[in-house]
Number of protein chains: 2
Amino acid sequence: MAKSAKKYLDAADREQQILDFAIDFVAQRGLHFTTRELADALGVSQPLLYRYFKNRDDLLQKIYDEVYLRRWDPGWNELLADRSMPVRERLARYLIAYTDTILDERWIRIFVASALEDPQITIRYLGLLHDTTFPLIFAEVAAEAGFEFRSTPETEVLVREIVWGFHSSFFYMGVRKFIYRNEIPESLEPIIRVRVDIFVSGVIETLPRILELSRSGPQLE
Amino acid sequence: MAKSAKKYLDAADREQQILDFAIDFVAQRGLHFTTRELADALGVSQPLLYRYFKNRDDLLQKIYDEVYLRRWDPGWNELLADRSMPVRERLARYLIAYTDTILDERWIRIFVASALEDPQITIRYLGLLHDTTFPLIFAEVAAEAGFEFRSTPETEVLVREIVWGFHSSFFYMGVRKFIYRNEIPESLEPIIRVRVDIFVSGVIETLPRILELSRSGPQLE
DNA sequence: CTGATAATTTATCACTTGATAATTTTTGCG
DNA sequence: CGCAAAAATTATCAAGTGATAAATTATCAG
């Protein structure tokens, strides 16, 4: 007899079932669901939730853990740094993998909804991008132009903003799709490749100006 | 006696006071405030709200109207099309004005929160960008390279994605500042100008590839 | 088949919440 | 001032909500 056909599931299975269901449910209905709505939608009684989760907030925390954990692939930074490949190819492959991970209704909607509620939740995730991946992307593009770029306090802010502007636009495709409910193209690869081309060409051509502006010091912030 | 010193305000003044206060309140606390929380914070009794707003939802609708209305300046499209100025200068000026308008806590947080709740609310606003401003931006950049670009069904999707990617990154600065609570530079103009340079240079250099890819047909969507 | 155990539901509580009605307070005109 | 109209508050309701305890139902080893 398949587990799903049993009326009374084993505790571990039921807990996982509730959590999986709750992730989809919360992604669609938002963080302000009631425990009764959730239980009704899943087809169980409302007090059953309290057998598996201490309280409503405990369930929410477990949802965040499940959605954010194990979503960032440490191999991505290695890919970006692998100079046996042209930098455009590395960026394209990274962005294809990245968009493939985050263009997920649960990921996008729960990320944004939870950030609105409490930005603390997003900090761990964003720090990873901000401190490691962004400087790496800029340095690798600069290297394509024959310039071995080393981040300094003077260049840091401008470089960060340049890469943020480029990188965030891919996350924003998820916002358009799953929050605004706009249509976005089915196949992203050609678009990613064109936008990588635009970015790499543009940064290389603008590099002298970027370096000059950075030298003029931290007029920023 | 100043109006604000009166205990019993004129109906019109009180209505505006509640609405103004509610906009800040909702921007900070989210859409799921209770009428009691709002009334307490403002220092009036909860039933008073019902003298000025039919119900909770009526108040929310008036908040949306107040936040979104009169925020888009029709002069921006004229600015973008004004060829007496270099295209980089036009883009920079437009983006300085645009970011100046939208980088506002109330605007960003209420926009995102309401979109999460019901994407319908954002459609009127986004359609303006999508259908008019985005094609215009691309055409003007192409003209800088001596190419009088006319949008066709084949080019439409790719061009839209290219400009979305560029344009959304400025909105996203607001997301970073007011939702993630990241620091962003105080002075945006230098960053806007550099990013405009990168975009314009990149698009011009990539133009042959963009046109070729567009001709290969709508493999998109 | 049987009974102990685990899983689930029903019943219920105390508190919150949107909304309305009755009552009280303020304002400003004559 | 004195008083009617407007503005605001207090009191209250019915429905909803998170959480707990008691009762019930399914499961499975022996």
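Values in this document were obtained by computation on a predicted structure and should not be read as measured data. Below, read A as the first sequence line, B as the second, and so on, with proteins coming before strands; counting in each chain starts at 1.
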Problem set entry | Nearest to side-chain heavy atoms of A/T34, which nucleotide of D/dA8, D/dT17, D/dT20 |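 Closest nucleotide to the A/T34 side chain: D/dT17.
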Distance below 4.0 Å between [X] side-chain N/O and [N] OP1 or OP2:
X	N	result
A/T35	D/dG18	yes
A/R14	C/dA7	no
B/Y52	D/dA7	no
A/R36	D/dG16	no
A/S45	C/dT8	no
B/R56	C/dG18	yes
A/K7	C/dT9	no

In this structure, how many angstroms lie between the [atom2] atom of [N] and the [atom1] atom of [X], rounded?
X	N	atom1	atom2	value
B/Q46	C/dA22	CD	P	17 Å
B/L48	C/dT25	CG	C1'	13 Å
A/L9	C/dT5	CG	P	22 Å
A/H32	D/dG18	NE2	C1'	14 Å
A/F53	D/dG18	CZ	P	15 Å
B/D13	D/dA7	CG	P	10 Å
A/R51	D/dT24	CZ	P	18 Å
B/K6	D/dA7	NZ	C1'	10 Å

Exercise. Hey, mind stepping through A/R176 and B/E161 against salt bridge (Lys or Arg N to Asp or Glu O under 4.0 Å) and telling me if it holds?
Worked result: CA-CA 11 Å; A/R176 287 165 53 203; B/E161 291 302 319; 2.8 Å; yes
Exercise. So, are A/R88 and A/E140 salt-bridged, with charged N and O less than 4.0 Å apart?
Worked result: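 Looking at A/E140 together with A/R88, the answer is no, because their closest N to O distance does not fall below 4.0 Å.
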For this session: Mark yes or no for a side-chain to base donor-acceptor pair under 3.5 Å between B/Y8 and C/dT25, with no hydrogen or angle criteria applied.
Result: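 Pair found.
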Is the charged tip of [X] near the ring of [Y]: under 6.0 Å from the six-membered ring centre and within 45° of its axis?
X	Y	answer
A/R14	A/Y8	no
B/R106	B/F178	no
B/R195	B/F170	yes

For this session: Would you mind telling me which residue lines up with the more 5' stretch of DNA chain D, A/E37 or B/V44, judged by nearest nucleotide?
Result: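 Counting from the 5' end, the first nearest nucleotide belongs to B/V44.
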